[in-house]
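What follows is a short report on a single structure.
We name chains A, B, ... by the order of the sequence lines, and we start the count at 1 in each one. Keep in mind the model is a prediction, meaning the values are calculated, not measured.
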There are 2 protein chains.
Amino acid sequence: MRPTTKDLAKAAGVSLATVDRVLNGRPGVRAETVEAVNAAIRRIGYERNISAANLARGRRYRLEFMLPSSGDQFLDTLVDRIEETRVAFAGEHTEVRHRRVLGNDPHQIAALLSGIGPQDADGIAIMAPETPQVRDATMRLIERGVKVVQFVSGQPGARRLDFVGVDNNAAGATAGRLMGKFCAHRPGRILVIADTMNARDNLERRQGFDAVLTRDYPGLQALPSLETHGDPGRTDRIVRAFFSNYSDIVGVYVLSSETRIALQAIDRAGHLAGRQAIAHERTSFNEQMLRAGTLDAIIAQNPGHLVRSAIRVLRSRCDGREPLASQEEIRIEILIRENLGHATG
Amino acid sequence: MRPTTKDLAKAAGVSLATVDRVLNGRPGVRAETVEAVNAAIRRIGYERNISAANLARGRRYRLEFMLPSSGDQFLDTLVDRIEETRVAFAGEHTEVRHRRVLGNDPHQIAALLSGIGPQDADGIAIMAPETPQVRDATMRLIERGVKVVQFVSGQPGARRLDFVGVDNNAAGATAGRLMGKFCAHRPGRILVIADTMNARDNLERRQGFDAVLTRDYPGLQALPSLETHGDPGRTDRIVRAFFSNYSDIVGVYVLSSETRIALQAIDRAGHLAGRQAIAHERTSFNEQMLRAGTLDAIIAQNPGHLVRSAIRVLRSRCDGREPLASQEEIRIEILIRENLGHATG
DNA sequence: AATACTTTGAGGTACGCACCTCAAAATTAT
DNA sequence: ATAATTTTGAGGTGCGTACCTCAAAGTATT
């Protein structure tokens, strides 16, 4: 049987009240008594029963995800995973909600953050472009006592803010390495395409991609980033122009998580066959392209892991604990046809 | 506030006792009353408080991992992860132990399993070669009321037994695809090497590897499997022989999770440079080789996920619930230098 | 209508812990 | 030595659920 507080009290030679004071850091206990209790904890191997503690405490974690409303399939998957964990964590005193903020307008996001306080949520995961305004609003939110993690968009480590997501520079570098190894036999140019290059994530991926290519694969030359801006017609035209200008395009790299417009334009023009193609995120569209052999590899981050990790980090912060950095590192996954498995998650 | 059983009773217009009977599937409730309670559950959004339920039930899950004692670094990592989760799950009514069984002797493993009963453990994760003897002992163990999962070694889906691990055929196919794409520019032979080909896992990997190569990369020819048998001297000799017999070896594939002897022998002979090399499992040795550029890719399964998944499956079975197959699928990970990250986990 | 049987209600105890109060004991200051 | 203060103990309540008992109400069988 696992030792309880009662056993601990007996072992330490004190009363339950004193054990309670020590365990919960309440005042009014002599230093030597504290030490005696701690010694007993180690001696009998006492471990707090977290479920019982939370039950008694009536503690609840109210967490919220703030996501952009304009979204691709990757974002939809994230929302699905949030809904799943909403159910899964309900039994663990954790309420998970999500909200989709209109557009990418930093003003509006900042305004929304200003309206949030400890009465609304204990922790918030924010997926938003990191502008000075958003950043300021975030800092004030934290000062008001709300825990915050930067979600998916952001930068690991660099800031004092918690970040859950992948290092996009490394993700781009991963794509670069694969492209390099896939194309090493024939020098040529690489078409790089994205929905927009205004997003910081895309810029970082591009940087990582270029770094590997220029260092290790001098035979491959990455073309300037082509932007779709979500416009199929425009994309069709530019793609055609690029392929008629450059006859030696050997690979295609889609930077952004929105891949559909880009890939379909290239495919329509008949330019995908025989070329290496790499894209980001495991969306059903990308998965289909990979199975069909149109895409050669997908660089992905697991949406389920992202969501659960953000929740764990926020809960740790709510408890005043430091999250386990090693456990919360999100992997950059490489998917090819053979390791796709069955589930999308 | 979240609805409790009390609220549920009121909403359903029945007593707490009846609610309890319905929730816990106890007999003595009319079918229409059951339906009324279920309707109320959906209506008010009642969700069982798992912590409170477990507390009241006083339930404990005693789980045990049975692992081979002779082991490579991968096995050591598994043990480390088990120890970690031992602590992490202690607060969730779950005791996790592990035992390392001497050798790979099926007799001994079977004998050991015969000695285990419900008084020792509620669930066991077994990592052992699947011989008829072991299989029989496992089935009898299950009949005695102990839940069992096949761990790492085994086959997904095919059996009625739960399995936690990757599909080794797919893992081999993944290696095959990568090798194919990495070497597509120069036809030649692939050296395939393992500690032993008596292990079923290794056979399956080989099968998957060959299937992809013969189908999609006819220019590449995989040589017969070379076995190290854990003997560096012997390995040195065979490796030399192979490389002098075949001058067109363009790639090396190490099947087994024990990679050290094989890779060091080839490296010593100076035959790794300029060739594509792929191995299995993220051991510190493999990681080092990958960072050094000696290895080109690692096919891995995440030890932490393996352990936690096995625990979740066993707990589900102990509760008489069906585990969520989609959540428990272990990913076949592809690691290259750029997506290694920091932690080994 | 009497009997047997099924279904339901009321109420209690327990799980391990948090958090509270009040009084008793021990220690320190005067 | 007495007063003031700190430290400790004893005891209680409640969190949400499981599981038990016993009696009351309902239904089916003869």
**Message:** For a quick test of reading the model, state the closest non-hydrogen atom pair linking A/G304 to A/R81 and the distance between them.
**Reply:**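 Scanning both residues, the minimum pair turns out to be N-CG, 3.7 Å.
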Without decimals, in angstroms, what is the distance between [X] [atom1] and [N] [atom2]?
X     : N      : atom1 : atom2 : result
B/R30 : D/dA25 : CZ    : C1'   : 11 Å
B/E32 : D/dG26 : CD    : P     : 14 Å
B/L16 : D/dT17 : CG    : C1'   : 10 Å

**Asked** Under the salt bridge (charged side-chain N to carboxylate O under 4.0 Å, His left out) rule, what pairs show up with a residue in residues 17-27 of chain B, not counting sequence neighbours?
**Response**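 Checked against salt bridge (charged side-chain N to carboxylate O under 4.0 Å, His left out) - neighbours excluded - the pairs reaching residues 17-27 of chain B are B/D20-B/R26.
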**Item:** Any B/T5 side-chain N or O less than 4.0 Å from OP1/OP2 of D/dT17
**Value:**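 The answer is yes; a side-chain N or O of B/T5 sits under 4.0 Å from OP1 or OP2.
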**Message:** For chain B and DNA chain C, what are the first and last nucleotides along the strand, 5' to 3', with at least one atom under 4.0 angstrom from a heavy atom of the protein chain?
**Reply:**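 Contacts span C/dT7 to C/dG16, reading 5' to 3'.
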**Asked** Nearest nucleotide by nearest heavy atom, which residue falls closer to the 5' end of DNA chain C, B/T33 or A/L23?
**Response**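 Of the two residues, B/T33 wins.
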**Request:** Could you pick out which residue, B/A17 or B/A53, lies toward the 5' side of DNA chain D when each is mapped onto its nearest nucleotide?
**Result:**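 The residue mapped nearer the 5' terminus is B/A53.
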**Sugar-phosphate only, base, or nothing, as touched by B/G28 at under 4.0 Å among non-hydrogen atoms** =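 The answer is base, as B/G28 lies within the cut-off (heavy atoms under 4.0 Å) of a base atom.
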**Message:** Need one value for B/D20: base, sugar-phosphate or nothing, where a base atom within 4.0 Å counts as base even if backbone is also close, heavy atoms only.
**Reply:**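 Contact class for B/D20: base.
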**A/E95 and A/R315 ion-paired at < 4.0 Å** =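 Salt bridge absent between A/E95 and A/R315.
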**Item:** N-O pairing of B/R100 and B/D76 below 4.0 Å
**Value:**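 Yes, this pair counts.
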